[in-house]
Colleague: 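Questions regarding the structure given below will be posed in turn.
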Amino acid sequence: MHVLEGEIVLEVEGEEPLPLRAGQSAHHRGEVPHRCRLGGPDGARTLLVIAGS
């Protein structure tokens, strides 16, 4: 996931929440429970890439 604008918080089970702002990215294994939420009062735009093994 790459944040194009705004701020989100990536929450992955077993990990500390990770705030991400424009220009930052993160990756995680899809089978681990996770969610993204807005990190501020404004909207955000992200690019999500899903890759198979």
Side-chain angles (χ1 to χ4, degrees):
M1 171 180 316
H2 182 78
V3 182
L4 302 174
E5 38 181 79
E7 180 180 339
I8 63 166
V9 177
L10 174 60
E11 298 176 344
V12 178
E13 186 175 89
E15 303 288 335
E16 290 293 318
L18 179 63
L20 296 166
R21 293 180 181 85
Q24 295 181 307
S25 61
H27 68 277
H28 61 86
R29 298 189 60 85
E31 67 268 8
V32 177
H34 61 279
R35 73 178 187 154
C36 291
R37 62 180 171 83
L38 289 174
D42 299 322
R45 187 182 330 204
T46 64
L47 175 65
L48 174 64
V49 177
I50 300 172
S53 54

Colleague: Do Leu18 and Val12 land in one hydrophobic cluster if side-chain heavy atoms of ILVMFWY residues count as linked below 4.5 Å?
Modeller: yes
Colleague: Ignoring hydrogens, what is the shortest heavy-atom contact between Gly39 and Val9? Give both atom names and the distance.
Modeller: CA-CG2, 3.9 Å
Colleague: If I take atom CD from residue Gln24 and atom CD from residue Glu7, how far apart are they, to the nearest 0.5 angstrom?
Modeller: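 With rounding to 0.5 Å, CD (Gln24) is 8.5 Å from CD (Glu7).
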Colleague: Which heavy atom of Arg21 sits nearest a heavy atom of Val3, and at what distance?
Modeller: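 Closest pair (atom of Arg21, atom of Val3, distance): O-CB, 3.5 Å.
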Colleague: Once you round to the nearest 0.5 Å, how far does CE of Met1 lie from OG of Ser25?
Modeller: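 Interatomic distance, Met1 CE to Ser25 OG, rounded to 0.5 Å: 10.0 Å.
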Colleague: Find out whether Glu11 and Arg37 are in side-chain contact, i.e. whether some heavy atom of one side chain is under 4.5 Å from a heavy atom of the other.
Modeller: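 Result yes, sub-4.5 Å side-chain heavy-atom pair found.
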Colleague: Testing the basics here: between Pro19 and Pro17, what is the closest heavy-atom pair and its distance to 0.1 Å?
Modeller: CD-O, 3.5 Å
Colleague: Is there a continuous path of hydrophobic side-chain contacts, each under 4.5 Å between heavy atoms, that joins Leu47 to Ile50?
Modeller: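 Unlinked, Leu47 and Ile50 end up in two clusters.
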Colleague: If hydrophobic clusters are built by linking Ile, Leu, Val, Met, Phe, Trp and Tyr wherever their side-chain heavy atoms come under 4.5 Å apart, do Leu20 and Leu4 end up in the same one?
Modeller: no
